[in-house]
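Worksheet: one structure, shown below.
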Amino acid sequence: MAIIGLLADIAVLILTAYTLYITAFSHKVELISSCVNYPKFEGYRSAMTLMNKSLHAIPIQGVFLLKQKKDCFKFIQYVTYSDPIVIGSWSMCRIETDAITSIRDWNEKPPNSIMLDDIVEDAIIGIESGQRIIWVNPCKNKHLREAKRAYKNNNFDSLTIHKTTMYGLTISEAVNCVINIRLKEINNTYVLHTVFGIAEYDKGKSVLLSDPICGYRTLPCPGESEEEILKTIQGLTNIPKEDIVVEKFGKNTDCRTSSKVFT
């Protein structure tokens, strides 16, 4: 009986010590899932679900990723919060990026365009929590120790997030034209209809539209020039030429709003 009592006391002691550890000292966070969504017209977003496996709340001010590429680490700031969010004890939290047009590695010559899912896969996650960095190693990455050292010594290449914003919307890298149509209402007031397009879609045969124009979701022309797109819309819909403004732009378009106006 004495042995049984001793074993019971040891078990209680171990349980008490473990409870104290996960309550006061543990900062274990686990990645439950991650995904990247690629819409055709809007910038893409990435999301991850994290679980707090301690018995106290953990504040999050930001999340970054470190990915081993060749002989160096690539760093990207996944999210930053001006007001920290909090994951409660043994709770899950979904974290989502803002819309992104593209990610560039300006350390390469020439600069490379990188998809976010290529970075998220097998990446080491760093959670900024006050003065502490909580490390999450979802794939049991053998480079965790090197990643910590690289972060501490600022020995990494930073990737740049690009956002092309037009009319309040962050657009995808595939979008290369915007169409503004002025429609006259019954009471003689005008409504502006803005549509984004992907010219030279379907092997260069058509222009894919983000919203229908008089029922048309695609334009039967390659869309090689603004004039070609304008004439195609006019021919399909009979909308007056002066009520259509088309603007084409390239992949390196900065955040802006079309400078063209109706006559």
Side-chain angles (χ1 to χ4, degrees), residues 33-48 79 94-104 113-120 160-263:
S33 64
S34 64
C35 65
V36 182
N37 181 32
Y38 290 99
K40 283 190 180 298
F41 296 95
E42 294 186 31
Y44 63 88
R45 299 173 186 268
S46 175
M48 61 173 64
V79 292
R94 179 182 170 88
I95 292 174
E96 186 175 23
T97 65
D98 293 331
I100 298 170
T101 299
S102 65
I103 298 173
R104 299 292 172 88
S113 181
I114 301 174
M115 305 307 290
L116 188 55
D117 50 358
D118 292 336
I119 304 169
V120 173
T160 305
I161 293 176
H162 290 257
K163 298 179 181 180
T164 301
T165 303
M166 300 189 75
Y167 299 96
L169 180 72
T170 299
I171 59 177
S172 77
E173 200 171 19
V175 173
N176 50 22
C177 68
V178 60
I179 303 163
N180 282 306
I181 298 177
R182 186 172 58 181
L183 301 174
K184 195 171 186 179
E185 300 282 89
I186 297 177
N187 57 2
N188 290 326
T189 59
Y190 286 96
V191 174
L192 184 65
H193 185 38
T194 300
V195 179
F196 295 101
I198 301 176
E200 300 179 53
Y201 186 74
D202 190 21
K203 299 180 180 180
K205 298 177 182 177
S206 61
V207 178
L208 183 66
L209 304 176
S210 61
D211 294 290
I213 297 177
C214 296
Y216 292 93
R217 292 305 303 253
T218 60
L219 301 178
C221 68
E224 294 179 353
S225 68
E226 297 171 354
E227 186 66 23
E228 180 189 52
I229 295 173
L230 189 151
K231 287 182 177 180
T232 302
I233 295 172
Q234 190 179 14
L236 292 173
T237 64
N238 292 321
I239 297 174
K241 182 177 180 180
E242 60 270 19
D243 288 336
I244 305 171
V245 172
V246 179
E247 184 173 7
K248 288 201 68 180
F249 46 87
K251 289 185 177 181
N252 296 323
T253 303
D254 294 324
C255 300
R256 62 192 176 96
T257 300
S258 173
S259 58
K260 293 191 173 184
V261 295
F262 291 101
T263 56

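If you read the sequence from its start, that first residue is 1, and numbering goes on from there.
Partners of S33 under the side chain to side chain contact (heavy atoms under 4.5 Å, CB included) rule, at least two apart in sequence or in another chain, are T49. I119 pairs by the side chain to side chain contact (heavy atoms under 4.5 Å, CB included) definition with L65, K67, I76, I103, I114, L116, L159, not counting sequence neighbours. The ring-ring contact (aromatic ring centres under 6.0 Å, His included) search around Y38 returns Y44, not counting sequence neighbours. For T194, the side-chain hydrogen bond (donor to acceptor under 3.5 Å, both in side chains) test picks out N180, with sequence neighbours left out. Listed by chain and residue number, D202 satisfy the side chain to side chain contact (heavy atoms under 4.5 Å, CB included) test with K205 (two or more places apart in sequence, or in another chain).
The two atoms that bring V79 and E96 nearest to each other are CG1-O, 3.5 Å, heavy atoms only. Here the closest heavy-atom approach between residue Y167 and residue F196 is recorded as CD1-CZ, 4.3 Å. For the residue pair C177 and I198, the shortest heavy atom distance occurs at SG-N, 4.5 Å.
Under a 3.5 Å cut-off, the side chain of E247 and the backbone N or O of V178 do not form any donor-acceptor pair. Not one N or O on the side chain of S102 forms a donor-acceptor pair closer than 3.5 Å with the backbone of H162. For the pair T101 (side chain) and I171 (backbone), a donor-acceptor distance under 3.5 Å is present. A distance-only check finds a donor-acceptor pair linking the side chain of K248 to the backbone of G223 [under 3.5 Å]. S46 places no side-chain N or O within 3.5 Å of a backbone atom of N37 that could act as its donor or acceptor partner. A donor-acceptor contact shorter than 3.5 Å links the side chain of S172 to the backbone of K40.
Note that CE of M48 is 11.0 Å distant from CZ of R94, once rounded to the nearest 0.5 Å. Between atom OG of residue S225 and atom NZ of residue K231 there is a gap of 8.5 Å, rounded to the nearest 0.5 Å. To the nearest 0.5 Å, atom CD of residue E227 and atom OG1 of residue T232 are 9.5 Å apart.
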Which pairs of donor and acceptor atoms, one on a side chain in residues 211-222, lie under 3.5 Å apart (sequence neighbours left out)?
unit_1, atom_1, unit_2, atom_2, d
R217, NH2, S210, O, 3.2

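Residues T237 and I181 form no side-chain contact, since every pair of their non-hydrogen atoms from C-beta on lies 4.5 Å or further apart. A heavy-atom distance below 4.5 Å is not found between the side chains of D98 and T170.
Considering N238, L209, I244, D243 in turn, I244 is the only one that fulfils the side chain to side chain contact (heavy atoms under 4.5 Å, CB included) rule with I233.
Salt-bridge formation is detected for the pair R104/E173: a Lys NZ or Arg NE/NH1/NH2 atom is positioned less than 4.0 Å from an Asp or Glu carboxylate oxygen.
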